[in-house]
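Reviewing the structure listed below.
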Amino acid sequence: MIETGMRAFATLIDRLVYTRSRNAKLKLIADYVIATPDPDRGWAMAALTGSIDIPAIKAGVIRTLIEQRIDPVLFRMSRDYVGDTAETVALLWPTPCSLRDDTTPLSLGAVVDRLSSLPRAQAPDALAAMLDRLDADERFALLKLATGAMRIGVSARLAKTALAQAFALDVEAVEEVWHAIAPPYAPLFAWGTGTAPQPIAVDLPVFRPFMLAHPLDDARVDLADYAAEWKWDGIRVQIVRTGGETRLFSRAGDDITRSFPDIAGAFTGTGVVDGELMVKGDIQGGTLENGGGAASFNALQQRLGRKTVSAKMLADYPAFVRLYDILFDGTEDLRILPWSARRARLETFAAALDAGRFDVSPLIAANDFGALEQLRAGARDAAIEGVMLKRRDSSYIGGRRVGLWYKWKRDPLTADCVMMYAQRGSGKRSSFYSDYTFGCWSDDGQLLPVGKAYSGITDDELKFLDRFVRTNTTGRFGPVREVEKTLVLEVAFDSIHASSRHKSGVAMRFPRIARIRTDKPATEADTVAGLKRLIS
């Protein structure tokens, strides 16, 4: 029997959850989109790429629905054990006797249309009626789809790659028109199946895939072949202006224009540029007028994720973009040109822009690789994350291509911290205590939280830490466990900044666990005062 609708989608999600191989995931998605008709396959792709937004269905709505049907205490205890709300609700949801024999298929298209069209007051009841008709696997898939939080080990890029492979399309061509087509992406599937021509983004401010870099690791390159520039610590953005409309896209292709109206309004050139979005600061670090260089990433965080930005926020945290590259000059596609030619075009293009909002990332003057190594070692500017090396004859090619661009991040800072709290992870880690809050000593002998990390550890280290949490729990606060303050973790982080939001007064940038220090007593862990001395 051929599976359809929610049953087919649930089977896909279940298999993706338990599949580690990238190639196997690609095949699962490709087989699904080939076998599944429109619009269900389009909505499945929207779910996998995080492109579904059903405002009326949030986690709080789902918790309310399940607590109306079972003991709330049982649900919360089960949620703590399982580690995932959707999975917990899917398993606990009681199926009404009157619906146990109802095998009427429920399609993804019907689900999305129904939940998206209803007012907030009616959507929860409609969701509950759908859950009543489904089995546990289907309920899990429905809840993941409805909340837009898949977390099943599939990135948006992987899903698009699978679609491209399914229909023998160029993934960069798919990526280029993806944001110009709304779910359920009928023109894409028509192109893939040969029933319509390739969609073309004409006079639309659409996203183009970023060119990415490989880590340099221990390699060395010849500076006659590679140009060097600083790797700035902001967020990578693409600015697109065409047809009188301007859009800002993040590296993931998310439209962030509303968060940065000052940048969109100031960008007057027609074309597409690639750069680093930052906030102005008083430190030296560039050539930007009216504000010196860039502030730390901590300042930029005040602006990130905001759908509306107040006049005070715009004034207190003025944004600017340090330009790296140019993809289009007007309607002329420059991506095929070598980097050196694009760089010259970028400098000319940028000269006509507002110098208070845009500048060009300066090149690093170094006679040889050894001199560059010394410059990198001494770079502890709050806005510098490392060095970029770009092959002078490289075209601008979406994705990572070996040998063209390298990123050479500065060595991380480290601190010995004491584990204080732990929480279960999500997805594959939902059965383990894998998210750890750690602290350092204050002047009066208190442990103050200084960060939280869940990456950097091996599977064996994860099992060790999970056992430590379970056998050394001293208190429970909902899903969080407090543990004995005896285990030291060496934490690596890119930088550290002053923070009025944290009791310790500091916030780490990209903390991760470097190693478990079972050899070191907790009393010898680092101090908050020591961390503050590392603030750039």
Side-chain angles (χ1 to χ4, degrees), residues 21-23 25-26 155-158 160-162 164-165 168-176 207-238 249-253 272-276 322-329 332-347 349 360-377 379 384-412 494 510:
S21 164
R22 181 177 184 275
N23 288 337
K25 288 177 185 284
L26 288 170
S155 67
R157 178 70 176 185
L158 187 143
K160 294 170 191 175
T161 300
Q165 290 184 2
L169 305 175
D170 176 49
V171 67
E172 305 304 341
V174 170
E175 186 80 79
E176 190 150 317
F207 171 75
R208 275 86 179 183
F210 280 98
M211 185 166 181
L212 305 175
H214 277 276
L216 185 65
D217 296 326
D218 296 325
R220 297 172 73 88
V221 300
D222 188 340
L223 296 189
D225 298 325
Y226 287 83
E229 61 183 278
W230 293 118
K231 187 179 190 300
W232 300 97
D233 191 13
I235 63 166
R236 187 99 173 266
V237 293
Q238 184 178 112
F249 294 102
S250 70
R251 203 179 92 166
V272 182
V273 294
D274 172 354
E276 196 83 4
R322 186 148 285 157
L323 301 174
Y324 292 142
D325 216 318
I326 183 167
L327 287 68
F328 282 74
D329 187 350
E332 183 183 0
D333 189 343
L334 307 181
R335 290 175 291 180
I336 193 62
L337 297 180
W339 172 88
S340 55
R342 295 197 313 277
R343 174 75 184 198
R345 294 287 291 270
L346 175 65
E347 291 173 352
F349 185 92
V360 177
S361 183
L363 301 180
I364 302 173
N367 293 328
D368 53 37
F369 195 85
L372 180 63
E373 197 167 19
Q374 290 183 339
L375 289 170
R376 169 186 168 272
I384 293 176
E385 198 178 30
V387 170
M388 291 293 299
L389 292 157
K390 299 179 179 179
R391 191 168 178 87
R392 298 177 188 274
D393 60 1
S394 61
S395 299
Y396 192 99
I397 303 172
R400 286 187 175 86
R401 301 299 174 98
V402 176
L404 300 184
W405 285 11
Y406 289 106
K407 57 184 177 183
W408 193 18
K409 297 184 73 171
R410 65 189 183 189
D411 294 333
D494 287 357
F510 287 144

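Position 1 is the first residue of the sequence, and the numbers go up from there. Worth saying up front: this structure is predicted, and the values here are computed from it rather than measured.
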Practice prompt. Output yes when a side-chain donor or acceptor of Arg251 lies under 3.5 Å from a complementary backbone atom of Phe210, and no otherwise.
Written response: no
Item to complete: Could you list the residues that satisfy side chain to side chain donor-acceptor pair (under 3.5 Å) with Gln238, not counting sequence neighbours?
Response: none
Worksheet entry | Which residues share a salt bridge (Lys or Arg N to Asp or Glu O under 4.0 Å) with Asp170, sequence neighbours left out | none
Worksheet entry | Asp222 atom CG: more than 12 heavy-atom contacts under 6.0 Å | yes
Fill in: salt bridge (Lys or Arg N to Asp or Glu O under 4.0 Å) against Asp225, all qualifying residues, sequence neighbours excluded
none
Fill in: side-chain contact (heavy atoms from CB on, under 4.5 Å) between Val272 and Arg208, intermediate numbers included
CA-CA 9 Å; Val272 182; Arg208 275 86 179 183; 3.7 Å; yes
Response to the item:
Residues Arg322 and Pro362: closest non-hydrogen pair is CD-CD, 4.4 Å
Worksheet item: Sequence neighbours excluded, which residues qualify as side chain to side chain contact (heavy atoms under 4.5 Å, CB included) partners of Lys409?
Response: Lys231, Glu385, Asp494
Fill in: Side-chain heavy atoms of Val221 within contact of Leu216, under 4.5 Å
yes
Worksheet, complete the sentence: For Arg220, the side chain to side chain contact (heavy atoms under 4.5 Å, CB included) test, sequence neighbours excluded, returns Phe369, Glu373
Item to complete: Indicate yes or no: at least one non-hydrogen side-chain atom of Asp217 is less than 4.5 angstrom from one of Tyr406.
Response: no
Fill in: With sequence neighbours excluded, residues passing ring pair (Phe, Tyr, Trp, His ring centres under 6.0 Å) with Tyr396
Trp405
Item to complete: Using salt bridge (Lys or Arg N to Asp or Glu O under 4.0 Å) as the criterion, list what pairs up with Arg345, not counting sequence neighbours.
Response: Asp329, Glu332
Practice prompt. Flag the pair Leu26 / Gln165 as yes when at least one side-chain heavy-atom distance between them is below 4.5 Å, and no otherwise.
Written response: yes
Worksheet entry | Partners passing side chain to side chain contact (heavy atoms under 4.5 Å, CB included) against Ile397 (at least two apart in sequence or in another chain) | Ser395, Arg401, Leu404
Worksheet item: Hey, is the main chain of Leu212 close enough, under 3.5 Å, to the side chain of Arg400 for a donor-acceptor pair?
Response: no
Worksheet item: With Asp393, which residues qualify under side chain to side chain donor-acceptor pair (under 3.5 Å), at least two apart?
Response: Arg391
Practice prompt. Check ring pair (Phe, Tyr, Trp, His ring centres under 6.0 Å) between Phe249 and all other residues, then give those that pass, not counting sequence neighbours.
Written response: His179, Phe207
Practice prompt. Indicate the atoms forming the closest heavy-atom contact of Arg342 with Leu334, along with that distance.
Written response: CD-O, 3.3 Å
Response to the item:
Here the pair of heavy atoms bringing Ile235 nearest to Glu276 is N-OE2, 3.4 Å
Item to complete: Considering non-hydrogen atoms only, spot the tightest contact between Asp333 and Leu327 and give its length.
Response: OD1-O, 3.6 Å
Response to the item:
Residues passing the side chain to side chain contact (heavy atoms under 4.5 Å, CB included) test with Arg157, sequence neighbours excluded, are Ser155, Thr161, Val171, Glu172, Glu175, Pro209
Item to complete: For residues Leu389 and Leu223, determine if any side-chain heavy atom of one lies less than 4.5 Å from a side-chain heavy atom of the other.
Response: yes
Practice prompt. Please assess Met388 against Tyr324 for the test side-chain contact (heavy atoms from CB on, under 4.5 Å), listing each intermediate value before the final yes or no.
Written response: CA-CA 10 Å; Met388 291 293 299; Tyr324 292 142; 5.9 Å; no
Item to complete: Could you tell me the separation between the CG atom of Leu158 and the NZ atom of Lys25, rounded to the nearest 0.5 Å?
Response: 7.5 Å
Worksheet item: Under the salt bridge (Lys or Arg N to Asp or Glu O under 4.0 Å) test, which residues partner Arg343, sequence neighbours left out?
Response: Glu347
